[in-house]
Chemist: 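First, the structure itself, so that you have it in front of you.
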There are 4 protein chains.
Amino acid sequence: MRKKEGNKERDILEAAIKVFAKYGYHESKVSQISKEAEVSVGSIYVYYKSKEDILNKIFSFLWDKLYEKAEKIIADETKSPIEKLNLFIDTFFERFVSMPELAIVYVNEQRHMEMGKNLLPLSYYKYLEIGEQIISEGMKKKLYNPEVNVKVFRFFIIGGIRNLLEFWAKNQIALPFTELRKNVGLIIERGIGNH
Amino acid sequence: MRKKEGNKERDILEAAIKVFAKYGYHESKVSQISKEAEVSVGSIYVYYKSKEDILNKIFSFLWDKLYEKAEKIIADETKSPIEKLNLFIDTFFERFVSMPELAIVYVNEQRHMEMGKNLLPLSYYKYLEIGEQIISEGMKKKLYNPEVNVKVFRFFIIGGIRNLLEFWAKNQIALPFTELRKNVGLIIERGIGNH
Amino acid sequence: MRKKEGNKERDILEAAIKVFAKYGYHESKVSQISKEAEVSVGSIYVYYKSKEDILNKIFSFLWDKLYEKAEKIIADETKSPIEKLNLFIDTFFERFVSMPELAIVYVNEQRHMEMGKNLLPLSYYKYLEIGEQIISEGMKKKLYNPEVNVKVFRFFIIGGIRNLLEFWAKNQIALPFTELRKNVGLIIERGIGNH
Amino acid sequence: MRKKEGNKERDILEAAIKVFAKYGYHESKVSQISKEAEVSVGSIYVYYKSKEDILNKIFSFLWDKLYEKAEKIIADETKSPIEKLNLFIDTFFERFVSMPELAIVYVNEQRHMEMGKNLLPLSYYKYLEIGEQIISEGMKKKLYNPEVNVKVFRFFIIGGIRNLLEFWAKNQIALPFTELRKNVGLIIERGIGNH
DNA sequence: CATGAATGAGTCTTCATTCAT
DNA sequence: CATGAATGAAGACTCATTCAT
C-alpha cells in the first residue's frame with residue numbers, strides 16, 4: 001500500500017518537535033530534522049515555507065487543540081469557576097502527556113516567538129483570554145482573594161506551571177504526573193501557608 | 001590606554017545585556033554589541049573569549065551577587081524561615097530593579113545555557129540550594145502545608161517569579177514593583193483562595 | 001545535481017593545487033580556490049571539511065599513487081637494487097610531469113604539514129620505507145659505498161630531488177626533463193656508487 | 001647598569017628565530033615573539049617595520065655573514081677549486097652550529113620569501129654566485145665530470161644540504177655534525193668528480 | 001511530489017599594527 | 001624609547017534555501 005498522503009507533513013512536525021526539544025530552535029539544523037523524519041531536506045520545503053514556519057506550525061498544533069477544549073469548558077454552565085479553572089489546568093497538562101518534548105519546545109521557544117516579529121497563533125491569545133475570563137468569573141463571585149491582582153496571578157500561575165512542566169518533561173519518572181497536578185492545585189488554591 | 005578611562009569590560013557587559021534582551025542571544029550580533037558599547041569589535045575580544053563567554057559572564061554577574069546576599073540571609077539567626085523566604089525573594093527582585101534588561105536575559109537565555117554544554121556559574125547552584133534550605137527549615141517548623149511537595153513548590157515559585165519578572169521588565173509602568181512584590185507574597189503564602 | 005556533470009570534487013582539488021602553488025597555502029584564500037574551480041565557496045565545503053582538509057587530500061592524491069607504484073617496483077624480483085632505485089626515482093619524477101604545480105605544493109607545503117599536528121598520509125611513510133628498503137638491498141649486495149651513511153644519503157637525495165623539482169616546475173623550458181633525470185642519475189650513482 | 005642599547009633589537013631577532021622555527025612564520029604571532037624576547041609588542045615595532053621585516057632581517061643576518069666569508073674563500077689564490085668548494089660548504093654548515101633554529105627557519109621560510117614579492121637580501125644572490133664561480137673554476141680545470149650540468153648540480157647540492165640541515169637541526173644528537181659533513185663531502189666529490 | 005547538490009549571504013573571530021600615555 | 005589596550009580589515013566557515021533532475 002502506498003504511504004498515506006499527509007503523513008509526511010506530520011512526520012516532519014513531530015521530528016522537528018523532537019529536534020527542537022533536544023537542541024533548541026537555533027541550534028537545530030534543518031538537515032537534522034530531515035534525518036529524524038527520514039525525509040529529504042527538499043521535502044521539508046514542500047510542506048513548510050521555512051524553518052521558522054515549522055516552529056509556527058508547532059505552536060498552532062499546540063494551541064489550536066487547547067483552545068478548542070477551553071471553549072467547551074467555559075461554555076459549560078453547570079460548573080463553578082473553581083471547577084472550570086481546575087479543568088482548564090487539567091487540559092493544559094494533558095496536552096503534553098503523550099508528547100513531553102512538546103512541553104520543552106513550548107517552554108524554550110515560545111518566548112523567542114513572542115520577542116520576534118512573528119505572532120503566535122490566534123488560538124494562543126484566545127486561549128489566554130478564556131483563562132482570564134474564568135478567573136474574572138471567580139472574582140465576581142468572591143471566590144478569590146480580592147487583594148490579589150488578576151494579571152499578576154495569571155502570569156504567576158502560567159510561569160509556575162511552565163517551569164514545572166519543563167521539570168516534569170525532563171524527569172517524568174521522578175515526578176508522577178498526578179502528584180504534580182495535585183500540588184499545583186494546592187498551591188493555587190491555598191498557597192503554601194499552613195492554615 | 002589609548003582612549004576612555006571608563007571600564008570597558010563593564011561597558012561591554014552592559015551593552016550585551018541590552019542587546020541580548022532586545023534580540024535574544026542567537027539573533028544578537030557581536031557587531032551590535034560593539035556599537036551599543038561604543039567600542040570596536042576587536043575590543044570585545046580583548047575582554048571576552050567569545051560571544052558565548054559574554055553570556056557566561058552575564059550570568060556570573062547576575063548570580064554571584066545574589067548568592068552573596070543569600071548567604072547573609074540564611075545565616076541570620078534572628079529571623080524566622082518565613083521572614084527569610086521573604087527576604088530571599090526580595091533580594092531576587094531587587095537585583096533587577098536597576099537593570100530590567102537583565103531580567104529578560106535571565107528569563108530567555110538561562111534555559112539555553114542549561115541545555116547546552118555550558119554550566120551555569122557555581123553561585124547559581126549554591127543560590128538555589130540556599131533557597132531550598134530556607135524552605136526546608138520552614139517545613140521542619142511546620143510553617144508550611146505538609147501536603148505540598150517541596151520540589152514542586154520550588155519549581156513552581158521560581159517559574160512564577162520568572163514569568164512575572166519578564167512581564168514587569170517589559171511593562172514597568174503598568175505594574176508597579178511594590179504591587180508586584182506584595183502579590184507574590186500573598187500568592188505564596190495563601191494561594192488565591194479566599195479563606 | 002543542479003549543474004555541471006563533471007567531477008566537482010576533483011575540480012576543486014586541481015584548482016587548489018594551482019592556487020596553493022602560486023600563492024602558498026597560507027596566502028591562498030578559499031574564495032580564490034572557488035573562483036579557480038568555477039564553483040561557489042559553499043561547494044568547497046560540501047566536498048572538503050576545511051581548507052586544511054584540501055591540503056591533506058592533495059597529499060593523499062600525491063602519495064597514494066606513488067606508493068602503489070613503488071610497491072610493484074620493489075616486488076619485482078628480476079631487477080637489481082640499482083635498477084629498482086632508478087625506477088623508483090623515475091616514477092617519482094613522472095608523478096609531476098602532467099602537473100608541475102603539484103611539485104611546487106609538495107616542495108612548499110609538505111614541511112608545514114610535518115611541523116603541524118597533521119600527519120601526512122600513511123602512503124607517504126610507506127613510500128619512504130620502500131625507498132629505504134631498496135637502498136638497504138643495494139648495501140647488502142655491496143653495490144654502494146659502505147662509507148656512506150644510508151640515512152644521510154636518503155635525506156640528501158630527497159632534498160636534492162625536491163629542490164630540482166621545484167626549479168624544473170618553475171622553469172620547464174629552461175631545463176628539459178630528460179636532462180634533469182639523466183643528471184640526477186649521474187650524481188646519485190657516482191655519489192653513492194662503490195667504484 | 002643600564003641595559004646595553006641594541007640588545008633589544010638582537011633579542012627580538014633571536015626570539016623570532018626561535019618562534020618561527022617552532023611554529024612556522026604564518027602560525028607565529030607577534031605577541032609570541034614579544035613574550036619570547038621579554039619585550040612589549042610595541043617595542044618590536046620600534047625596531048622592525050613589520051612582522052615580515054623581521055623575517056627579512058633574519059635572512060640578512062644569515063646571508064650577510066656567509067657572503068662575507070665566501071668572498072674571502074674565493075679570493076684565496078692558494079687553494080684549488082675543490083678545496084674552495086669544501087671550505088664553502090664548511091662555512092655554510094658552520095653558520096648553523098650555534099643556532100640550529102636558524103636552519104629550520106632557512107629551510108621552511110626561504111621559499112615563501114622567494115615566492116612572494118619580497119626579495120631576499122642581496123648577499124644571498126651574491127653568495128650563490130660565488131658558489132657557481134667556484135664550480136665553474138673546477139669545470140674549467142676539468143676537475144668535474146663534464147657530463148654533469150652545473151645548474152642541475154647546484155640545485156641538487158643545495159637541496160640536499162638544505163634537507164640534511166633540517167634533519168640535523170631537529171636531531172642533533174642522532175647525527176653528529178662531523179659525520180654529516182663527511183658524508184656530504186663524499187657524495188658531492190664522487191658524484192661530481194671526474195674519475 | 002521528491003531529492004540533495006549547489007549556493008552565497010552573513011558571522012564570528014583573529015591578529016598585525018597603531019598611538020596615547 | 002617603551003608600553004599594551006584598542007582597532008578593524010580580512011577570511012574561514014555555516015546553513016537555510018533553491019531548483020534541475
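Proteins get letters first, then strands, A, B, ... in listed order; numbering begins at 1 in each. What you see below is based on every heavy atom in this structure, not just the backbone, and it leaves out hydrogens, waters and symmetry mates.
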Chemist: Could you name each residue pair satisfying salt bridge (Lys or Arg N to Asp or Glu O under 4.0 Å) that touches residues 45-62 of chain A, not counting sequence neighbours?
Modeler: A:Asp53-A:Lys57
Chemist: Any chance the side chains of A:Ser43 and A:Ser40 put a donor and an acceptor closer than 3.5 Å?
Modeler: yes
Chemist: Please figure out whether C:Gly42 or B:Tyr45 has its closest DNA chain E nucleotide nearer the 5' end.
Modeler: C:Gly42
Chemist: Take B:Trp63 and B:Gln110 through the test side-chain hydrogen bond (donor to acceptor under 3.5 Å, both in side chains) and record every step on the way to the result.
Modeler: CA-CA 11 Å; B:Trp63 293 111; B:Gln110 175 136 341; 3.2 Å; yes
Chemist: Report the distance from atom CG of B:Asn7 to atom C1' of F:dA6, rounded to the nearest whole Å.
Modeler: 15 Å
Chemist: The side chain of C:Val46 is closest to which nucleotide in this list: F:dA2, E:dC12, E:dA6?
Modeler: E:dA6
Chemist: Which is more 5' along DNA chain F, the nucleotide nearest B:Val41 or the one nearest D:Ile44? Just name the residue.
Modeler: D:Ile44
Chemist: Can you run down the salt bridge (Lys or Arg N to Asp or Glu O under 4.0 Å) pairs that involve residues 15-24 of chain C, sequence neighbours left out, and say none if there aren't any?
Modeler: none
Chemist: Among residues at least two apart in sequence or on other chains, which ones pass salt bridge (Lys or Arg N to Asp or Glu O under 4.0 Å) with A:Glu14?
Modeler: A:Arg10
Chemist: Does a side-chain N or O from B:Lys35 land closer than 4.0 Å to OP1 or OP2 of F:dG8, or not?
Modeler: no
Chemist: Within this structure, what is the CG-to-P distance between A:Asp11 and E:dA2, rounded to whole angstrom?
Modeler: 11 Å
Chemist: Tell me: CG of C:Asp53 to P of F:dT14, nearest whole Å?
Modeler: 12 Å
Chemist: Write out all pairs satisfying salt bridge (Lys or Arg N to Asp or Glu O under 4.0 Å) with one or both partners inside residues 27-37 of chain D, taking only residues at least two apart or from two chains.
Modeler: none
Chemist: Evaluate the side-chain proximity of D:Glu109 to D:Leu55: yes if any heavy-atom separation is below 4.5 Å, no if none is.
Modeler: yes
Chemist: Give D:Ser34 one of three labels, base, sugar-phosphate or nothing, depending on what nucleic acid heavy atoms sit under 4.0 Å from its own.
Modeler: nothing
Chemist: How many whole angstroms separate atom CD1 of D:Ile12 from atom P of F:dT3?
Modeler: 9 Å
Chemist: Quick check for you: among F:dC13, E:dA6, F:dG4, whose closest atom lies nearest to any side-chain atom of C:Ser43?
Modeler: E:dA6
Chemist: Nearest to the C:Ser40 side chain among E:dA6, F:dT17, E:dT17, which nucleotide is it?
Modeler: E:dA6
Chemist: Specify the separation, in whole Å, of atom CD of B:Glu38 and atom C1' of F:dA5.
Modeler: 18 Å
Chemist: Where along residues 18-33 of chain C does a heavy atom come under 4.0 Å from DNA chain F, residue by residue in number order?
Modeler: C:Ser28, C:Lys29, C:Val30
Chemist: Given C:Tyr25, which partner from the list C:Phe20, C:Tyr106, C:Phe59 fulfils the ring pair (Phe, Tyr, Trp, His ring centres under 6.0 Å) test?
Modeler: C:Phe20
Chemist: Expressed as a whole number of angstroms, how long is the span from D:Leu55:CG to E:dA16:P?
Modeler: 13 Å
Chemist: Looking only at side-chain atoms of A:Lys51, point me to the closest of E:dT3, F:dA12, F:dA16.
Modeler: F:dA16
Chemist: Starting at the 5' end of DNA chain F, write a dot or bracket for each base, bracketing those in Watson-Crick or G-U wobble pairs whose two distances are under 3.5 Å and using | for partners on another strand.
Modeler: .||||||||||||||||||||
Chemist: Got a salt bridge between A:Lys170 and A:Glu166, using NZ or NE/NH1/NH2 to carboxylate O under 4.0 Å?
Modeler: yes
Chemist: Is the shortest side-chain N/O distance from B:Tyr47 to OP1 or OP2 of F:dA5 below 4.0 Å?
Modeler: no
Chemist: Do side-chain atoms of B:Tyr48 reach the backbone of B:Glu9 as a donor and acceptor pair under 3.5 angstrom?
Modeler: yes
Chemist: Report yes if at least one side-chain N or O of B:Lys8 is closer than 4.0 Å to OP1 or OP2 of F:dA5; otherwise report no.
Modeler: no
Chemist: Nearest whole Å is fine: how far is E:dA6 P from C:Tyr48 OH?
Modeler: 12 Å
